[in-house]
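A quick write-up on the structure given underneath.
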Amino acid sequence: MVISSRMEASITKTQEILQELRVGEVMTTDVITVAPHDSMRHVQDLLRVHRISGTPVMKGEKLVGIVSIMDLIRALEAGCIGQPVAEWMTAQVEPLYADEHVISAIRKLQRTGFGRFPVLDRTTGRLVGILTQGDVIKGTLKRLDIDYRQREEGRYRSQHFFEDVVSEETCILLRYTVEAKDFRHAGQASSQFKRSLQNLGVHPSILRRIAVATYEAEMNLVLHTVSGGSIQADVRQERIDIEVCDQGPGIPDVDLAMQPGFSTAPEWIREMGFGAGMGLSNIQNCADQMTLSSELGQGTHLKMRFLLRKEHEV
Amino acid sequence: MNVQQVVKQLALDIVSQGDLSREIEGGYASDLLSCAMAGAQAGHVWVTLQSHPNVIAVASLLDLAAVIVTEGMTPDEETVHKAKQEEINLLSSRADTFAVVAQLAALGVQSAHSG
């Protein structure tokens, strides 16, 4: 068959996989075998117990045939279930070799109409497995899954924006405004910020810390400020600096506010599960560096720094 | 153990459906959002009495496998809408938090801090 370039292009991913995969990679290695002198009744039991449709016949180390459910039915019809396997098996078995491509195994399965092939090691000639159509399907799906995952990871890496941009000093500035007491949109800035950093290829473990810290800071703006505030992030290749500013009321005692469990939140806020007094200490635990300054009547200024390099290089 | 299996075993109502085949890698229970933020991890199921929209924000930010709202609390429209948008598995149980956690533990779901 002549394959035109157009047809070549339309060869599917599955076909490509079938041409790459080898029999040894997809076969079942845990093979149940029978001996030529075993009875067909024994075969019947084996097929039932192991839910298989056929098994190789081995004389010692040597493959001498294959006996399938079809052979068993013939023996049953003839009332010869007590006879030895040697009488009913298919003796002329064309084996597969573990280093053969799956595509050639499929052709053999189609050409012969057999449901299964014993698989031999080409150099030693020993039985190393059995291949059924089910094995081919399972193996192909597994490879598709692996390919898909690798592509996903590849995409993740390719989004390293900073590697594609050349300048003396590259930074991305992201800014979000947060309204006070706006519970409807609370958490939205952190969500958008997290997604943006994800698209920039920030490592998942750092991303989690940034998301937690930003969320807490955002909730502080929603819960405690007079007029809301802003979250501004300066994203660079080696670090992210986040500044959260508001215009008041300010924190009377910063050290006290930092203590886990200290809260000034009113009862109705606590009932919603906010105001546990863990926000600032959560931020401290998540950020690589944190400074908090506040002046009563003026406002609060939170700075957080997250280092990107160290976890990237691990 | 995936979300679908937990829904079946605990006879939970599915309020909003995300990826039900998601594997549950652990669990966390608290009604305080900051505690959940600090304690729950990606792939965890979070058991809580809270049912307002910010529960979904927390679940989404932490990439949780599912949220189980207890004592038959009905999440409001806004919460359900947000859960659908963020593709969060939002589940509901008539049982209380302790009972739900006990059942999860019996199924082998563990805290991130237990041996």
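Every chain is numbered from 1, with letters handed out A, B, ... down the list of sequences.
- Heavy atoms closer than 4.5 Å to chain A are found in the backbone of B/Ala42, but not in its side chain.
- Without hydrogens or angle criteria, B/Gln50 side chain to A/Glu271 main chain gives a donor-acceptor distance under 3.5 Å.
- Contacts of residues 174-191 of chain A with chain B at a heavy-atom distance below 4.5 Å involve A/Phe183, A/Arg184, A/Ala186, A/Gly187, A/Ser190, A/Ser191, listed in sequence order.
- Between B/Ser34 and the options A/Asn282, A/Val212, A/Leu280, A/Ile283, a side-chain contact (heavy atoms from CB on, under 4.5 Å) holds for only A/Asn282.
- A 6.0 Å sphere centred on CG of A/Asp30 holds no more than 12 heavy atoms belonging to other residues, nucleotides or ligands.
- Taking CE of A/Met272 as the start and CG of B/Leu32 as the end, the distance is 13.0 Å to the nearest 0.5 Å.
- No more than 12 heavy atoms of other residues, nucleotides or ligands shown are found within 6.0 angstrom of CD on B/Glu87.
- Taking chain A as the reference chain and counting heavy-atom pairs below 4.5 Å, the highest number among B/Ile56, B/Asp31, B/Leu33 is found for B/Leu33.
- The part of B/Glu86 that comes within reach of chain A is its side chain, from C-beta onward, which places non-hydrogen atoms under 4.5 angstrom from that chain.
- By the 6.0 Å contact criterion, NE2 on B/His81 is open, its count of non-hydrogen atoms from other residues, nucleotides or ligands being 12 or less.
- In terms of heavy-atom pairs under 4.5 Å with chain B, the best-connected choice from A/Gly275, A/Gly273, A/Ala276, A/Ser281 is A/Gly273.
- Counting heavy atoms from C-beta on, the side chains of A/Arg208 and B/Leu62 come closer than 4.5 Å.
- From B/Leu61, atom CG reaches atom CG of A/Leu207 across 9.0 Å, with rounding to the nearest 0.5 Å.
- More than 12 heavy atoms of other residues, nucleotides or ligands sit less than 6.0 Å from atom CD of B/Glu78.
- Interface remark: B/Asn54 contributes backbone and side-chain atoms alike to the contact with chain A (heavy atom separation under 4.5 Å).
- How far CG of B/Asp63 is from NZ of A/Lys194: 5.5 Å, rounded to the nearest 0.5 Å.
- When the shell of 6.0 Å around CZ of A/Phe262 is examined, it contains more than 12 heavy atoms from other residues, nucleotides or ligands.
- Counted within 6.0 Å of CZ on B/Arg94, heavy atoms from surrounding residues, nucleotides or ligands total 12 or fewer; the atom is thus considered open.
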